[in-house]
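First comes the structure, then the notes that go with it.
Heavy-atom basis, side chains included; hydrogens, waters and symmetry copies ignored.
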Amino acid sequence: MFLYDNKLFHEVAVEEPNPQYAVIMQEQMGGGNGELKAAMQYMSQSFRIKDKEIKKLFLDIAAEELGHLEMVAETINLLNGYDVDCSCVGAGEIQSHTILGLNPGLMNSSGYSWTADYVTVTGDLCADLLSNIASEQRAKVVYEYLYRQIKDKKVRETIDFLLNREEAHNQMFRDVFNRVMDTGSNDDFGTTKAARMYFDMTSADTVKNPKEIKVKAPAFK
């Protein structure tokens, strides 16, 4: 059961309307790394989770992502202003001006509709957690790109909040993965010596006389 609270997680405002900024914010509305994708992914994954505490975490984060979607939508609303005028959009999605009456659509910044193909669900907790960690990192990167391009200070405050929440979710999923990393697919497979070998493919000697080198991945500085 979900209960709707009309308060936003963080106050949303803009210094002034800017339809082009609205276009690029659409990426986090209905893009492949956006808030709707995250909410649907974590909710869908939760259906199979047996551990009640972990299931609750997935659903809590999914519900928060829906709140983030609302924040992004409100930001887009404010940036679009009140006048339908696709000429204000220099590049990218113009559907808001041509068919949606400025309503934020479930589409990315190029106008492509959101699709469930963005959602990754395997039924294996370890695999899903690793996917979620990567998803949160990618979403964080997109917000970083948006922050660099959007000069509106009020919108930047919203982006900064959302970016930091992605980092929080990333850490939550990492903590859970550390608890369950020896279960599921990590327990059933990948346990022979072949799972702990590193092949040095850049060594001339290895090319002439291939060897299985029993070392961990090289340390990078």
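- Looking only at distances, no side-chain donor or acceptor of Asn170 sits under 3.5 Å from a matching main-chain atom of Glu136.
- Two different hydrophobic clusters hold Val72 and Val141 under the rule that ILVMFWY side chains link at heavy-atom gaps under 4.5 Å.
- Residue Ser46 comes nearest to Phe58 through the heavy atom pair CB-CB, 3.9 Å, listed as atom of the first residue, atom of the second, then distance.
- For the side-chain contact (heavy atoms from CB on, under 4.5 Å) with Leu162, the qualifying choice from His10, Glu157, Glu35 is Glu35, the only one to do so.
- One distance of note links CG of Asn108 with OG1 of Thr115; it measures 11.0 Å at 0.5 Å rounding.
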List the steps, then state whether side-chain contact (heavy atoms from CB on, under 4.5 Å) holds for Ser113 with Leu106. CA-CA 6 Å; Ser113 297; Leu106 299 183; over 6 Å; no
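- When all heavy atoms of Pro19 and Cys88 are compared, the pair lying nearest together is CG-CB, 3.7 Å.
- Taking every heavy atom of both residues into account, Gln20 and Val89 meet most closely at OE1-C, 3.5 Å.
- A continuous path of hydrophobic side-chain contacts links Val14 to Leu8 [ILVMFWY only; heavy atoms under 4.5 Å].
- No more than 12 heavy atoms of other residues, nucleotides or ligands lie within 6.0 Å of NZ in Lys154, so this atom counts as exposed by the packing criterion.
- Taking 4.5 Å as the limit, some side-chain heavy atom of Ser96 sits within range of a side-chain heavy atom of Gln26.
- In terms of hydrophobic clustering, with Ile, Leu, Val, Met, Phe, Trp and Tyr side chains grouped at heavy-atom distances under 4.5 Å, Val119 and Met107 are assigned to different clusters.
- The salt bridge (Lys or Arg N to Asp or Glu O under 4.0 Å) search around Asp60 returns Lys56, not counting sequence neighbours.
- Looking at every heavy atom in both residues, Met43 comes nearest to Ala62 through N-CB, 3.8 Å.
- A distance-only check finds no donor-acceptor pair linking the side chain of Gln95 to the backbone of Leu100 [under 3.5 Å].
- Residues Ile24 and Glu93 form no side-chain contact, since every pair of their non-hydrogen atoms from C-beta on lies 4.5 Å or further apart.
- For the pair Glu64 and Phe9, the minimum side-chain heavy-atom distance is below 4.5 Å.
- Asp51 CG to Ile49 CD1: the interatomic distance, rounded to the nearest 0.5 Å, is 8.0 Å.
- Ile54 contributes atom CD1, which lies 14.0 Å from atom CE of Met172 (distance to the nearest 0.5 angstrom).
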Can you list the steps and then say if Arg138 with Lys37 is a side-chain contact (heavy atoms from CB on, under 4.5 Å)? CA-CA 12 Å; Arg138 289 194 298 269; Lys37 172 264 177 77; 4.0 Å; yes
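- Residue-environment remark: CD (Glu11) stays at or below the threshold of 12 foreign heavy atoms within 6.0 Å.
- Checked against a 6.0 Å centroid threshold, the rings of Tyr42 and Phe173 count as neighbours.
- Between the side chains of Arg174 and Asn178, no donor N or O sits under 3.5 Å from an acceptor N or O.
- Rounded to the nearest 0.5 angstrom, Asp128 CG and Ser135 OG are separated by 10.0 Å.
- Closest non-hydrogen pair, Gly123 versus Arg48, comes out as O-CG, 4.4 Å.
- Met71 and Leu69 fall within a single hydrophobic cluster, where Ile, Leu, Val, Met, Phe, Trp and Tyr side chains are chained together by heavy-atom contacts under 4.5 Å.
- Remark: side-chain polar atoms of Tyr21 are paired, donor with acceptor, to backbone N or O of Lys151 under 3.5 angstrom.
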Run the side chain to side chain donor-acceptor pair (under 3.5 Å) test on Asp124 and Thr122 for me, step by step, so that the C-alpha distance in whole Å, both residues' side-chain angles and the decisive distance to 0.1 Å come before the verdict. CA-CA 5 Å; Asp124 180 82; Thr122 69; 5.0 Å; no
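- Residues Thr158 and Tyr147 fail the side-chain proximity criterion, which asks for heavy atoms closer than 4.5 Å.
- Remark: the Gln28 side chain and the His68 side chain contain no N/O donor-acceptor pair separated by less than 3.5 Å.
- Using a 4.5 Å heavy-atom threshold, the side chains of Glu70 and Tyr4 count as touching.
- Side-chain contact between Asn77 and Leu102 is absent, with no heavy-atom pair separated by less than 4.5 Å.
- Distance check, rounded to the nearest 0.5 Å: CD of Gln149 to CZ of Arg156 gives 10.5 Å.
- Residues Met25 and Ile150 have side chains in contact (heavy-atom distance under 4.5 Å, counting atoms from C-beta outward).
- For Asp83, the CG atom sits in a loose shell: 12 or fewer heavy atoms of surrounding residues, nucleotides or ligands are nearer than 6.0 Å.
- Taking the side chain as every heavy atom from C-beta outward, Leu79 and Pro17 never approach each other to under 4.5 Å.
- Note that CD of Glu166 is 9.5 Å distant from NZ of Lys140, once rounded to the nearest 0.5 Å.
- When hydrophobic clusters are built by joining Ile, Leu, Val, Met, Phe, Trp and Tyr residues whose side-chain heavy atoms come closer than 4.5 Å, directly or via intermediates, Met29 is grouped together with Ile159.
- A donor atom on one side chain and an acceptor atom on the other are found under 3.5 Å apart for Asn132 and Gln45.
- At distances below 3.5 Å, at least one donor-acceptor pair connects side-chain atoms of Ser44 with backbone N or O atoms of Met40.
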